[in-house]
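The chain is numbered in sequence order, starting from 1. Here the structure is a predicted model, which is why all the values come from computation and not from measurement. When a ligand or atom number is given, it counts from 1 through the structure's own listing order.
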Amino acid sequence: MPEPSAAMKWWGWGDAPNPVELPPHAIDFLRSELGVSCEPTPPAALEEVRLAEPALPRRAEPKLVLAVGREWVRNDRLTRVTHSSGKGYVDLVRMRAGDATHAPDAVVYPADAGELRAVLDACASDGIAVVPFGGGTSVVGGVEPARNGMAAVISLDLARMARLEGIDERSLTAEFGPGIRGPRVEEALGRSGLTLGHFPQSFEYATVGGWVATRSAGQASTGYGTIEKLVCGLRVTTPSGEIELPPVPATAAGPGLRQLLVGSEGVLGVITRATLKVRRRPETRRYEGWMFRSFEEGAHALRALEQGGMVPDVARLSDESETRMTLALTGEGSLRQRAGLGYVRLRGYGGGCICVVGFEGDRTGAARRAPVAGRLPRRAGGRSLGASPGRSWERGRYMGPYFRDALLDRGVMAETLETAHEWSRLMNLYRTVGAAIREALEARGTPGMVMCHISHLYPDGASLYYTFLAPQERGAELDQWRVVKVAASDAIASAGGTITHHHAIGRDHAAWMRQEIGELGLAALRAVKARLDPAGIMNPGKLFPAQDDARA
Ligand SMILES: Cc1cc2nc3c(=O)[nH]c(=O)nc-3n(C[C@H](O)[C@H](O)[C@H](O)COP(=O)(O)OP(=O)(O)OC[C@H]3O[C@@H](n4cnc5c(N)ncnc54)[C@H](O)[C@@H]3O)c2cc1C
C-alpha cells in the first residue's frame, strides 16, 4: 500500500496528528503588523469537500485494472481529494474551503515501467489526461488534474516505483526509481556512507522524479549543485515509446537531451529512472552566522565568496524585513538568549541583515575553508555571529510549511515566489519585484510584509526568494492572490529575471513562458511534445501558455 500521499494532510503540510502552532509572541506580532484578528478558522472536514462524480469512461477502467491490478486503480474520496492539488497557496486556499471539484477521476499506481506503458497506452487510446504525481508538493499548480477538453483525467502516483535501484560506489552515482522521497534517499545512501546533498525545504515529501521534473534546487545546492547538475542518466516513458539515456560523466553527442527532459514537468512523459551523482557524507558541517548593515552589502560579500573560489555549500542572506520577521517569529528575546545573538546590539547593525554561510566536508577541509572564507565577509563589512545562528537555521530549516498552515488558520496570506538574475542586475530586480508586491497589496488596501533572501549562488548571479504576508481578503482570497502574483511576475519579466529559479512553470507561470524563451523557443518545445505525446495526454495545461491566453 503506498500510504505516502494519503499520510500527508490534504489541506496542508505534514500529518494531521502533529499540528504546529504559532507561539503567542508570533500571534501578537502578526496582530500588530497586519491587523489580523488571528481567530482560528479550521479547514473543511473531508465529508464536506465538494467532489464531482468520477467520470472515467466505462471502457477505460478495465484496461487500467488490467495494467496495474484492481487494488491500484482507486477513486475513493480520500485518495481523490489527496491528489487534487499540490501545496501552493492557491491549492491550500481551495482545499481548506472544501473545493476539490477539480479532483482526478481516478488515481492509478503503476509498479514498474511495464505497467506504466500499459497505462499510457490505455489513456492515449481513450483520450484520458495523465498527471504524474510524485510527492505532490508542487507550488505552481504542477499536479493539478486539468482535463483540458479530455474525456477524463487520472493522477499517476509513482509511490510504488520508489526504490534505490543501485549504487556505483566507484563512480559515485546511484540509480533511483522516481517515487522515492527525500528521507528514504538519504537513509538508503547513508548505509553506504553517501549523500545526494539535495535538501529542498519540501525534502520530507518530495520525490526524485519530482525533483528532476522540476529542476529543483536544495538548500545546499550552492555547493552540491541543483538537481540538473546531479543528473547523469535518465529513463523516460513517453506515450510514443521509451527514451533511455545511460549515465555518462559528459557527452558531446549533439544537443543535451537529458537537459530537455530535466524540467519537463510531466508534459513529455514519465521519468522512470534517474541516475544521480552522489558524494561521500560530510564528516562535519560548519555553519556560521554573519550580520551585514544592508542587503546590498551582504550580497556583495556573497559574490566575493563565490567568485573568489571559496564557494560555500550553504549560503542564505535575509534582507532587513526577513531578518526582523525571523527574530520576531522565533521570539527575539529567547532566540537572542538561546543562540547568543548579541548582534542585535551591535552598533550600526540595528536593522541589519542576517546571513548563514555553511561549509561541509571532511574535518580538515571544512575547518580550513571556513576561516579563510570568513575573511571575505569581514572585508565586505560583515560581523561574525559565530555558530549559533547556523545551528538555529539548521534546526528550523523544514519548519516553514508547517508555520504556513498555522498562518492560514489565522487568516494570513502566506505566499512565496522566486527568481534569479546576474549579479549586475540583481539589486534592481530585488527592488523592482519587492515594490510591485507592496504596491499590489496597498492598491487593495491591505497592509503587507514583503521579505526576501538570497539562497543560491553562482559565479554570474544568484537567486532571490520572496515571502509575503498579508491579511486574507475573506471570500476573495484567490482574486487577491492573482493580482499580487501577476504584478510580481510582470515585474520579474520587466527587470529581466527568470520567472522561476526552482519552483518550475506548472500552471501559475505558464503565461510568462513566451517572455522567458520566445515564440520560436516555445514552438520548438511544442514540436517535441507533439512527437512524444501526439494525443496530448501528458499533464495538459502545464508549462505551455494557453494559445488564447491574453498574456501568451
Ligand atoms: C513547503 C515547500 C517548500 C518547497 N521548497 C522547495 C525547495 O527548497 N526547492 C525546490 O526546488 N522546490 C521546492 N518546493 C517545490 C516542490 O517541492 C518541488 O517542485 C519538488 O521538486 C516537487 O517534487 P514532488 O515529488 O513533490 O513533485 P510533484 O509535486 O508531485 O510534481 C511536480 C511536477 O513534476 C511532475 N512529475 C512528478 N514526478 C514526475 C515523474 N516521475 N516524471 C515526470 N514528471 C513528474 C508533475 O506532474 C508536476 O508537474 C517546495 C514546495 C513546498 C510546498
Can you tell me if [X] contacts ligand 1 (heavy atom of the residue under 4.0 Å from the ligand)?
X	result
G269	yes
G136	yes
G86	no
F199	no

Based purely on interatomic distance, does [X] place a nitrogen or oxygen under 3.5 Å from a nitrogen or oxygen of ligand 1?
X	result
K87	no
F133	no
G134	yes

- prompt: Got a sec, which pairs hit salt bridge (charged side-chain N to carboxylate O under 4.0 Å, His left out) with one end in residues 231-247, sequence neighbours left out?
  reply: R117-E242
message: List the residues meeting side-chain hydrogen bond (donor to acceptor under 3.5 Å, both in side chains) with E115, not counting sequence neighbours, and say none if there are none.
response: none
Criterion salt bridge (Lys or Arg N to Asp or Glu O under 4.0 Å) against E144, the qualifying member of R94, K87, K542: R94
- request: Pick out which of R281, R279, E186 makes a side-chain hydrogen bond (donor to acceptor under 3.5 Å, both in side chains) with T195.
  value: E186
- prompt: Taking all non-hydrogen atoms of both residues, which atom of H509 and which atom of T500 are closest, and how far apart?
  reply: ND1-CB, 4.0 Å
message: Please classify the V236 to ligand 1 contact at 4.0 Å (heavy-atom distances, strictly less than): side chain, backbone, both or neither.
response: neither
R285 bridged to D313 by N-O distance under 4.0 Å: no
